*Asks:* 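Dumping the structure here so I can ask a few things about it.
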Amino acid sequence: KDIDNSKDEVIAGLEQLIALPSSDLQATNAQKFVEDMLKSLDFDVHTFKGIHENVYSLSDYCPLEQPFHEDAYNVVGTYKSNSNHPSLLLFAHIDTEAEDYFGTFEKPYASYHEDGKIYGLGSSDDKGGIAMMLYALYFLKKHIKEFPYDLTIMSILGKHGGAAGTLSALMHGYSAD
């Protein structure tokens with residue numbers, strides 16, 4: 001019921017995230033949004049840049065056609081519970097297609113509503129996934145005193161190659177049961 005009553009707040013949060021540039025070269029402001037929200041939910045937040053050196057030898061390594069901007073980074077939030085339940089890991093990538101991928105847009109980071117859907121660069125690929133994780137945690141935290149699981153939340157770079165985000169995060173030791 002609270003989620004239904006907070007629909008406008010959740011939509012506004014997704015639209016705020018969509019409005020932040022996050023193509024392969026500009027993901028830093030969008031990552032700051034994620035970082036701040038995870039901190040507000042009492043997560044320990046860690047960031048890292050670049051590809052972990054051990055990734056290059058993995059069979060899943062996929063080289064990037066164009067490297068990320070030197071300021072771009074990955075965000076990992078961890079939450080330690082007081083339970084013995086298996087831990088959980090949720091992740092999605094923050095980077096979108098380049099602003100000109102689908103042609104020239106006057107406002108590539110604007111969103112709009114039509115037929116009950118939200119459209120905008122990254123709305124479903126994959127800022128919508130990032131927003132879903134963050135707002136699910138927000139409402140859980142609002143209604144339960146403590147999460148019953150150890151949680152790891154990753155907002156990673158890597159739409160065009162998992163090495164920059166997912167594989168590097170795993171090599172940094174982030175995992176779950």
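Keep in mind it's a predicted model, so treat the numbers as computed, not measured.
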*Asks:* Does F91 CZ have over 12 foreign heavy atoms under 6.0 Å away?
*Replies:*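 Result for CZ/F91: open.
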*Asks:* Taking all non-hydrogen atoms of both residues, which atom of G165 and which atom of I156 are closest, and how far apart?
*Replies:*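 Looks like CA-CB, 3.7 Å.
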*Asks:* Mind checking the CG-OH spacing from L20 to Y109? Nearest 0.5 Å is all I need.
*Replies:*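 Rounded to the nearest 0.5 Å, the CG-OH separation comes to 9.5 Å.
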*Asks:* Identify every side-chain donor-acceptor pair in residues 11-18 under 3.5 Å, counting partners at least two apart or on other chains, and give the distances.
*Replies:*
residue: E15; atom: OE2; partner: S111; partner atom: OG; Å: 3.4
residue: E15; atom: OE2; partner: H113; partner atom: NE2; Å: 2.5

*Asks:* Minimum heavy-atom separation for A176 and S87, please, with both atom names.
*Replies:*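 In terms of heavy atoms, the two residues are closest at CA-OG, 3.2 Å.
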*Asks:* What do the steps show when you test I153 against Y79 for side-chain contact (heavy atoms from CB on, under 4.5 Å), and what is the final call?
*Replies:* CA-CA 9 Å; I153 306 299; Y79 179 91; over 6 Å; no
*Asks:* Near N84 CG, under 6.0 Å, is it more than 12 heavy atoms from other residues, nucleotides or ligands?
*Replies:*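 No, the 6.0 Å shell around CG holds no more than 12 heavy atoms from other groups.
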*Asks:* What is the distance from atom CG of N74 to atom OH of Y174, rounded to the nearest 0.5 Å?
*Replies:*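 Here the interatomic distance stands at 10.0 Å.
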*Asks:* Assess whether side-chain contact (heavy atoms from CB on, under 4.5 Å) is satisfied between S124 and Y119, documenting all intermediate values.
*Replies:* CA-CA 8 Å; S124 64; Y119 295 87; over 6 Å; no
*Asks:* Are any non-hydrogen side-chain atoms of D177 and Y149 less than 4.5 angstrom apart?
*Replies:*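 D177 does not reach Y149 side chain to side chain.
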*Asks:* Decide whether L167 and Y56 are clustered together by the hydrophobic rule: side chain heavy atoms of Ile, Leu, Val, Met, Phe, Trp, Tyr closer than 4.5 Å, transitively.
*Replies:*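 As far as the 4.5 Å side-chain criterion goes, Y56 and L167 are connected within one cluster.
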*Asks:* Report the C-alpha distance between D95 and S22 in whole Å, list the side-chain angles of each, state the deciding distance to 0.1 Å, and finish with yes or no for side chain to side chain donor-acceptor pair (under 3.5 Å).
*Replies:* CA-CA 5 Å; D95 51 310; S22 61; over 6 Å; no
*Asks:* If you look at every heavy atom in M154 and A169, which pair is closest and at what distance?
*Replies:*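 Shortest heavy-atom contact: SD-CB, 3.4 Å.
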*Asks:* Run the side-chain donor-acceptor check on residues 37-47: report pairs under 3.5 Å with partners two or more places apart or on a different chain.
*Replies:*
residue: S40; atom: OG; partner: M37; partner atom: O; Å: 2.7
residue: D42; atom: OD2; partner: K141; partner atom: NZ; Å: 3.2
residue: H46; atom: NE2; partner: T78; partner atom: OG1; Å: 3.4

*Asks:* If you look at every heavy atom in G122 and T96, which pair is closest and at what distance?
*Replies:*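 Closest pair (atom of G122, atom of T96, distance): CA-CG2, 3.5 Å.
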*Asks:* When rounded to the nearest 0.5 angstrom, what is the spacing between CG in L157 and CZ in F48?
*Replies:*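 Here the rounded value is 8.0 Å.
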*Asks:* Heavy atoms only: give me the nearest D126-A92 pair and the separation to one decimal.
*Replies:*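 For D126 and A92, the tightest heavy-atom pair comes out as OD2-CB, 3.0 Å.
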*Asks:* Please lay out, stage by stage, how T152 and L90 fare under the test side-chain contact (heavy atoms from CB on, under 4.5 Å).
*Replies:* CA-CA 6 Å; T152 300; L90 302 172; over 6 Å; no
*Asks:* Is it the case that S155 and Q31 place a side-chain donor and acceptor less than 3.5 Å from each other?
*Replies:*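 Their side chains do contain a donor-acceptor pair, which is all the 3.5 Å distance test asks for.
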*Asks:* Side-chain contact test, heavy atoms from C-beta onward, threshold under 4.5 Å: evaluate it for K49 versus D71 and give yes or no.
*Replies:*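 Side chain of K49 against side chain of D71, heavy atoms only: contact under 4.5 Å found.
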*Asks:* Count the heavy atoms belonging to other residues, nucleotides or ligands that lie under 6.0 Å from NZ of K142, then report whether that count exceeds 12.
*Replies:*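 Buried by this count: over 12 neighbours within 6.0 Å.
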*Asks:* What is the distance from atom CG of L88 to atom CZ of F147, rounded to the nearest 0.5 Å?
*Replies:*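 Going from the CG atom of L88 to the CZ atom of F147 covers 10.5 Å.
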*Asks:* Between H85 and D150, is the side chain to side chain donor-acceptor pair (under 3.5 Å) condition met? List the steps.
*Replies:* CA-CA 8 Å; H85 293 292; D150 289 354; over 6 Å; no
*Asks:* Assess whether side-chain contact (heavy atoms from CB on, under 4.5 Å) is satisfied between V10 and K7, documenting all intermediate values.
*Replies:* CA-CA 5 Å; V10 174; K7 181 179 176 182; 5.9 Å; no
*Asks:* Measure up the H52 and H172 rings against each other and bin them: parallel (under 30°), tilted (30 to 60°), perpendicular (over 60°).
*Replies:*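 Perpendicular.
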*Asks:* Please answer whether the main-chain N or O of N82 pairs with a side-chain N or O of E146 as donor and acceptor at a distance below 3.5 Å.
*Replies:*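 Flag set: sc E146 to bb N82 pair under 3.5 Å.
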*Asks:* Same cluster for I118 and I3 if Ile/Leu/Val/Met/Phe/Trp/Tyr side chains link at under 4.5 Å?
*Replies:*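 In one cluster: no.
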*Asks:* Heavy atoms, side chains only, cut-off 4.5 Å: are K32 and Y73 in contact?
*Replies:*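 Yes, their side chains come closer than 4.5 Å.
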